[in-house]
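All remarks here apply to the structure that follows.
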Number of protein chains: 2
Amino acid sequence: MHDALSQTFAALADPTRRAILSRLSKGEASVTDVARPFLRDMSLPAVTKHLKVLERSGLITKTRQAQWRPCKINAQGLRGAADWIEDYRRFWEESFDRLEAYLKTVTAKPAMKGRKRGKPKQAQ
Amino acid sequence: MHDALSQTFAALADPTRRAILSRLSKGEASVTDVARPFLRDMSLPAVTKHLKVLERSGLITKTRQAQWRPCKINAQGLRGAADWIEDYRRFWEESFDRLEAYLKTVTAKPAMKGRKRGKPKQAQ
DNA sequence: TTTATATATAACCATATAGTTAAATAACCA
DNA sequence: TGGTTATTTAACTATATGGTTATATATAAA
């Protein structure tokens, strides 16, 4: 699974990493500062690894400042994911019922060929 | 990682599963129909597993109709993910610069205590 | 009852993920 | 130089993931 979108979603599929992004959305922070709230639950190298996942997926960037590596959010990396999900928004918004009815008229042609024995038709 | 949001993002972190959702957004379909486009690349049980992941994460539901299990999208399951990402939208929209400036005035108080030797300050 | 279709499960394998501890590297300070 | 702080890397472990093939189950059809 190497595509960018999969990497983004995979990066978001961890509460620690989402918390890190939330923290960084309030401003840059060093690795130690990012790690502080998690050190009761995991070691510093564990946080370093999470940061690496976020960096690889383009959701944060790291710069250098003396012996510190300030981390900065790059929420642009969320655009792809946001756009993807956006395509499904209509499914949970109020116009859903009317839209579903419309879709049923649009997708009425059977997409399943070679059907022989009363197979269930798709949305009609 | 058991929380709902993590499960949703994890389910989305696979191109096959996203393609399945895309297919189901156009209407209900049986397991075989859902699987058809993927059978050059993987076996039917592999698709069954993907469907199970989508089902566990609440993104689809399966019903029964004779020997078929029509699958139906439940994009409501995307709401949580959409809402989470939405909080970061401001980071990639045009008002970003002005907003960042505003945030800097808001988050000016140092969140890093015990600092001794010219540690980098956070967004100020 | 037998056969065919649709789907699920079992057992297995390879790789990825998320954590650990210990050691290495890098920059600053005295 | 030597010591301290910040961060990364290495080596390892346990579990999860995504795939396989073979088998089982359920319903329908002949």
Side-chain angles (χ1 to χ4, degrees), chain A residues 1-3 6-20 28-36 38-57 60-71 112-122, chain B residues 1-3 6-20 28-36 38-57 60-71 112-122:
Chain A
M1 181 225 303
H2 329 86
D3 67 286
S6 297
Q7 253 192 288
T8 304
F9 281 129
L12 297 178
D14 183 287
T16 304
R17 288 195 289 266
R18 291 197 303 277
I20 290 174
E28 276 189 32
S30 70
V31 172
T32 319
D33 287 334
V34 165
R36 204 182 321 280
F38 307 108
L39 294 181
R40 305 185 97 259
D41 303 306
M42 69 187 71
S43 67
L44 185 60
V47 176
T48 294
K49 281 191 178 185
H50 281 304
L51 287 171
K52 198 157 289 264
V53 171
L54 289 168
E55 203 178 8
R56 252 190 309 146
S57 68
I60 70 167
T61 54
K62 265 189 272 187
T63 52
R64 315 181 69 114
Q65 185 169 344
Q67 69 267 55
W68 293 276
R69 303 290 144 82
C71 304
M112 303 182 286
K113 289 164 225 156
R115 190 188 318 145
K116 282 165 201 155
R117 266 168 293 270
K119 194 172 186 180
K121 305 158 199 70
Q122 70 168 8
Chain B
M1 182 225 305
H2 329 87
D3 67 285
S6 297
Q7 253 192 289
T8 304
F9 281 129
L12 297 178
D14 183 286
T16 303
R17 288 195 290 265
R18 291 197 305 277
I20 290 174
E28 278 190 29
S30 70
V31 172
T32 318
D33 288 333
V34 165
R36 201 179 326 275
F38 307 106
L39 294 182
R40 304 186 98 258
D41 303 306
M42 69 188 72
S43 67
L44 186 59
V47 176
T48 295
K49 280 191 178 184
H50 283 303
L51 287 171
K52 198 157 289 263
V53 171
L54 290 168
E55 203 178 9
R56 254 190 307 146
S57 70
I60 70 166
T61 54
K62 266 188 273 187
T63 53
R64 316 180 66 116
Q65 186 169 341
Q67 69 268 53
W68 295 276
R69 302 290 141 84
C71 304
M112 303 182 288
K113 289 165 223 155
R115 192 187 317 144
K116 282 166 201 154
R117 264 168 295 270
K119 195 171 187 178
K121 305 162 199 65
Q122 70 168 9

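Letters go in sequence order (proteins before strands), and every chain restarts at 1.
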Can you pull every protein N or O that's under 3.5 Å from an N or O on nucleotides 20-26 of chain D?
unit_1: D:dT20; atom_1: OP1; unit_2: B:S43; atom_2: N; d: 3.1
unit_1: D:dT20; atom_1: OP2; unit_2: B:S43; atom_2: N; d: 2.8
unit_1: D:dT20; atom_1: OP2; unit_2: B:S43; atom_2: OG; d: 2.5

(message) Going by the rule salt bridge (Lys or Arg N to Asp or Glu O under 4.0 Å), which residues pair with B:K52 if we only count those two or more places apart in sequence or in a different chain?
(response) none
(request) Using atom CH2 of B:W68 as one end and atom P of D:dT27 as the other, report the distance to the nearest whole Å. (result) 12 Å
(request) Figure out the CZ/C1' separation between B:F38 and D:dG19, and round it to whole Å. (result) 15 Å
(message) When you measure from the side chain of B:S57 to the backbone of B:V53, do you find a donor-acceptor pair of N or O atoms at a distance under 3.5 Å?
(response) yes
(request) Check the distance between D:dG18's P and B:L12's CG and give it to me in whole angstrom. (result) 12 Å
(message) Please confirm whether the shortest side-chain N or O distance from A:H50 to OP1 or OP2 of C:dG19 is below 4.0 Å.
(response) yes
(request) In whole angstrom, give the distance that lies between atom CZ of A:R18 and atom P of C:dA18. (result) 12 Å
(message) Could you check whether any side-chain heavy atom of B:T61 comes within less than 4.5 Å of a side-chain heavy atom of B:E55, counting everything from C-beta outward?
(response) no
(message) Please report the distance, rounded to the nearest Å, between NZ in A:K52 and P in D:dT9.
(response) 4 Å
(message) What is the distance, to the nearest angstrom, from the CG atom on B:L51 to the P atom on C:dT9?
(response) 12 Å
(request) Would you check if the side chain of A:R17 reaches a backbone N or O of A:A10 as a donor-acceptor pair within less than 3.5 Å? (result) yes
(request) Determine which nucleotide pairs with C:dA27, using a 3.5 Å limit on both distances of a Watson-Crick or G-U wobble pair. (result) D:dT4
(request) Specify the separation, in whole Å, of atom CZ of B:R17 and atom C1' of D:dA16. (result) 12 Å
(request) Quickly work out the B:D14 CG to C:dA16 P distance and round it to whole Å. (result) 14 Å
(message) Is the shortest side-chain heavy-atom distance between A:S6 and B:D14 below 4.5 Å?
(response) no
(message) Would you say that A:R64 contacts A:P70 through its side chain, given a criterion of any heavy-atom pair below 4.5 Å between the two side chains?
(response) no
